[in-house]
There are 2 protein chains.
Amino acid sequence: MSSDATMTEAPAPMRRIKLSDQIAEDLCRRIARERLGPGDRLPNEAALMRHYGCAKGTIREALKSLEVQGLVTMQSGPNGGPEIRPISVEAAARQLRRFLHFQELDFAQVYALRRSLEVQLGLGVVGRLTPQDFARLEANIAECEAANAEGRRGIGRIVEVDFHDILCDASDNPLLAFMCRFLNSLLRDLVEFRSESLTEHEAFGAHNLASHRALVCAFRAEDADAVRGEMHAHMCCAEHFMQRLDAKFRTDLLSARTPGARAAE
Amino acid sequence: MSSDATMTEAPAPMRRIKLSDQIAEDLCRRIARERLGPGDRLPNEAALMRHYGCAKGTIREALKSLEVQGLVTMQSGPNGGPEIRPISVEAAARQLRRFLHFQELDFAQVYALRRSLEVQLGLGVVGRLTPQDFARLEANIAECEAANAEGRRGIGRIVEVDFHDILCDASDNPLLAFMCRFLNSLLRDLVEFRSESLTEHEAFGAHNLASHRALVCAFRAEDADAVRGEMHAHMCCAEHFMQRLDAKFRTDLLSARTPGARAAE
DNA sequence: CTAGATTTGTTCGTATGTATC
DNA sequence: TGATACATACGAACAAATCTA
């Protein structure tokens, strides 16, 4: 602990802001101010060195910061340099995932959210689906059927989640769409290591297909109440299955390993 | 010649992964594998240079990456070096915010989420609130009362949001808590530039206080149904007010500026 | 297809600021 | 106060990637 009795405990040690961080901040603002879009280029390292009057390493650290934040990618060669990237959805998802990696999260908690959000999502896209969207949804259903018929259970589970990603694409609420997509990606990962044999797989796959078909039907009829009801039932069913899958996974793990062994990673 | 005629030319340009990125990845894994927690230190630059057999600049870029991701902070002086940071909630929130900055988002969309999530949050903390939590909630209510009485409307709106942050602290669902906290921070920002004079401010402040008091009551009684009902009504009321605030803000903007002028910031 | 030009990626050496003892 | 250990920053070089003639 520090020992300063007289001075008001300065919570902000007022550490000098690193030059590279200042430059990174300034570059961020310039990107926003000059309305730079995907494909545009920032000045190259040499030009930035002259502009800011600093050394190469400093510029590189600043650009590294922007790169990690998903704002630019570096490219070598003539006409190379820092190029502005489209948008950093994945960077945001990656950070959120990194945060959750240190928290303990189970299916019940994921579905507590998913139950609400997917219903909202479904209601939001009623009347907004284009013929292309319907085509994608039905192509996904067909793919699910094939996967189930061939007994590829794990694949079936993964493809089923894509159905909901398509709905996210059609949503006009970017925040809701982001969160639903994020939950979907979580499910894909959580299911990956648990897709071993399970007797309920066939029944679950069939039930999902029926739900998805009913949803498409309700979307076509633009029947908001039907969408709400179907989606809610769909989520509850899925949660129930996932919980059993998780329970089986845990007991399998318990019987296969001595207590105290660490989980697979 | 015949560099690779038989080998399938990788369609992915397969850009060599930068050394600094490889090292950053490896350091990430080491942090996870060795279960390094807040306060622990990574080896200093010199040691890392020896370990990876590379130069200072490369190590510094790798560490910069970890720093931006919120995993470490750099410290000078003896016993300095890269120190592991608690957890990067704010890094995740920052990235998500950066993503949403480029999307268009209005109050209706925020509240479409908040309506569902805050109810979930309230239900989740029923029976989990400690005496300390209750004390904080009531201190917040008192602070709101004071702010309203003194006519500090903007402050009142901000403090009211803190009430919901306290509920997030008490939740056992980290994902739900993160999202609610994020929505709260969005609201704080959205309200900041719109808290000009509005006749409904007093009525809204009073209504919020009543809702918060009723919520604390329901939490004390551990009455889940009452929590659900109160929170839902609270959210709907808040949404209604925010929409009017937003509408007034937009008309003010329209009358004050010629069409085509860009919005602030 | 090779050769050269351009730009990032990486290295080494050195100097300065900063915090601890 | 000075000495020490560390991050921060500078500058000059070379290596690798990539576009163009």
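What's counted below: heavy atoms across the whole structure, side chains too, no hydrogens, waters or symmetry copies. All chains are named by letter (A, B, ...) in the order of the sequence lines, taking the proteins before the strands, and each is independently numbered beginning at 1.
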- Message: Distance check needed: C:dT6 P versus A:E83 CD, whole Å only.
- Response: 20 Å
Tabulated below should be each protein N or O lying under 3.5 Å from an N or O of nucleotides 8-10 of chain C; please produce it.
from: C:dT8; atom 1: OP1; to: A:E45; atom 2: N; distance (Å): 3.2
from: C:dT8; atom 1: OP2; to: A:E45; atom 2: N; distance (Å): 3.4
from: C:dG9; atom 1: OP1; to: B:K18; atom 2: NZ; distance (Å): 3.1
from: C:dG9; atom 1: OP2; to: A:R60; atom 2: NH1; distance (Å): 2.9
from: C:dG9; atom 1: OP2; to: A:R60; atom 2: NH2; distance (Å): 3.2
from: C:dG9; atom 1: O3'; to: B:R16; atom 2: NH2; distance (Å): 3.4
from: C:dG9; atom 1: O6; to: A:K56; atom 2: NZ; distance (Å): 3.3
from: C:dT10; atom 1: OP1; to: B:L19; atom 2: N; distance (Å): 2.5

- Would you say the side chain of A:E61 lies within less than 4.5 Å of the side chain of A:L19, judging by non-hydrogen atoms? no
- Could you state the CD1-C1' distance from B:I59 to D:dA7, rounded to the nearest angstrom? 14 Å
- What is the distance, rounded to the nearest whole Å, between atom CG of B:L66 and atom C1' of D:dA7? 15 Å
- Query: In whole angstrom, what separates A:I23's CD1 from D:dT8's C1'?
  - Reply: 13 Å
- Polar side chain donor-acceptor pair, A:Q75 to A:R41, under 3.5 angstrom: yes
- Query: With a 4.5 Å heavy-atom cut-off, do A:E90 and A:R85 have their side chains touching?
  - Reply: yes
- For residues A:P174 and B:E104, report the shortest heavy-atom separation together with the two atoms involved. CG-O, 3.7 Å
- So which heavy atom on B:P43 is nearest to which on B:R30, and how close? CG-NH2, 4.0 Å
- Would you kindly give the CE-to-P distance between B:M49 and C:dT14, to the nearest whole Å? 13 Å
- Under 30°, 30 to 60°, or over 60°: which ring-plane class applies to B:H164 and B:H212, parallel, tilted or perpendicular? perpendicular
